[in-house]
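Accompanying notes for the structure given below.
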There are 2 protein chains.
Amino acid sequence: MKQKDGLSIGELSKQSGVNIETIRYYEKIGVMPAPDRSASGYRVYGADHLKRLSFVRRSRQLGFSLDEIRGLLRLVDGHAYTCAQVRELTLDHLAEIRRKIADLKRLERVMAEMAAQCSGDWAPECAVIDALFDTRPPAVEPSGRQPPMPTATSVMRRR
Amino acid sequence: MKQKDGLSIGELSKQSGVNIETIRYYEKIGVMPAPDRSASGYRVYGADHLKRLSFVRRSRQLGFSLDEIRGLLRLVDGHAYTCAQVRELTLDHLAEIRRKIADLKRLERVMAEMAAQCSGDWAPECAVIDALFDTRPPAVEPSGRQPPMPTATSVMRRR
DNA sequence: TCTTGACCCTGTAGCGGCTACAGGCCCTAG
DNA sequence: CTAGGGCCTGTAGCCGCTACAGGGTCAAGA
């Protein structure tokens, strides 16, 4: 029953580096097209699916949101994109990345200053805590509203 | 019925700069203690609540997760923290921020290179799209698993 | 005194981008 | 014929909020 280039979802997952559950999720939200099914209902993918999924993965790694990726794919699918359109999306995204870097650098400076106040000895009063309890408007004012700020804990959980 | 220092949730919100809904959320998840209630069931806050909420707000702005903030507050509440403990949390967090900056700088470089390839003229083939379709492992390998990557769309929605 | 409107209450559902089940079916090797 | 791996659907959870719906309360003005 195996057709040429017919990949199971597991094979597609391995070749693309995208989680099986994520592939199904992409299908559900319309980022990936629904593939053919085998007689028993298994998804069967072709080379085009692999190509598209790689596109999605790479775009995600570059920080594009799924919504932006949908936009890019719409352009590509319609063969109706101009280089200028794509360039604009790219530059928008680049600006966004630079804004985030600037925000994080401000954070870095404040945190480093706080840590520097800290002797490291035991002490009942701590400069960091004092600084955090300081109710004055903090030195770090993000350039926009701050993004969800993806939590150092996600990393801490990881270790 | 107004007791001295008795703040309504709306007043607390204004003075702390934290959204009303967010204050109630903090109470629900145990970051803020449940305050007294007026006869009619309204929350009544005191100066200590304002202080604590400011602490939370400031810590959030510095990128601490609510889980980390809970940790800090536990130390503070127990009066059992050593400066060294706090310092360690701070330095962990600082390292995390620096990691994110490094990741974003890699992104910035790749995106800038892609955009530079782009003439901006109309063209049926586009360097950016080509680069995204490139299935080779991308030049940008985040140092850990990449965080949720809080989407440029949240910004685009904003405008 | 009554009415208006601002405030407050609880509870639930939604966002993005997955991940992790539960409870099943299918397929192949031993 | 059985064990195990894969696959299927559907739902619930993660974080840190935000936005309702559908009520109760309170103070100022007519």
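Chain letters run A, B, ... following the sequence lines, proteins first and then strands; every chain starts at 1. All values reported here derive from a predicted model rather than from experimental measurement.
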Side-chain N,O ([X]) to OP1/OP2 ([N]) below 4.0 Å:
X       : N      : value
A:Ser8  : D:dC7  : yes
B:Tyr26 : D:dC17 : yes
A:Arg37 : D:dT9  : yes
A:Thr22 : C:dG17 : no
B:Ser40 : D:dC26 : yes
B:Arg43 : C:dC7  : no

Quickly work out the [X] [atom1] to [N] [atom2] distance and round it to whole Å.
X       : N      : atom1 : atom2 : answer
A:Ile29 : C:dT19 : CD1   : P     : 12 Å
A:Leu62 : C:dG17 : CG    : C1'   : 17 Å
A:Leu66 : C:dC15 : CG    : C1'   : 13 Å
A:Asp67 : C:dG17 : CG    : P     : 8 Å
B:Ile23 : C:dC7  : CD1   : C1'   : 14 Å
A:Ile9  : C:dC25 : CD1   : C1'   : 16 Å
A:Tyr25 : D:dT11 : OH    : C1'   : 15 Å
B:Phe64 : D:dC17 : CZ    : P     : 15 Å

Over 12 foreign heavy atoms within 6.0 Å of CD, B:Glu113 | yes
Specify the closest pair of heavy atoms between [X] and [Y], including all atoms of both residues, with the distance to one decimal.
X        : Y        : answer
B:Gln15  : B:Leu7   : NE2-CD2, 3.6 Å
B:Ala115 : A:Arg87  : O-NH1, 3.3 Å
B:Tyr45  : B:Pro35  : CE2-CG, 3.5 Å
B:Leu94  : A:Glu108 : CD1-O, 3.6 Å

With a 4.0 Å cut-off on heavy atoms, is B:Ile20 in touch with a base, just the backbone sugar-phosphate, or nothing at all?
-> sugar-phosphate
Hey, does A:Arg24 reach any base, or is it just sugar-phosphate, or nothing, if we go heavy atoms under 4.0 Å?
-> base
Indicate yes or no for a side-chain donor-acceptor contact from A:Ser54 to the backbone of A:Leu50 under 3.5 Å, with no hydrogens or angles considered.
-> yes
Taking B:Arg106 for the side chain and B:Ile101 for the main chain, is one N or O donor matched with an acceptor at less than 3.5 Å?
-> no
Given axes from five pairs at either end, by how many degrees does the helix from C:dT1-D:dA30 to C:dG30-D:dC1 bend, rounded to 10°?
-> 30°
5'-most contact on DNA chain C: A:Tyr42 or A:Asn19, nearest heavy atom basis?
-> A:Asn19
Compare the minimum distances between each of C:dT12, C:dG17, D:dG16 and the side chain of B:Lys28, then state the nucleotide with the smallest one.
-> C:dT12
Residue B:Glu21, side-chain atoms from C-beta onward, closest of D:dA19, C:dT10, D:dC7 | D:dA19
State, yes or no, whether a side-chain contact exists between B:Leu62 and A:Met114 at a heavy-atom distance under 4.5 Å.
-> yes
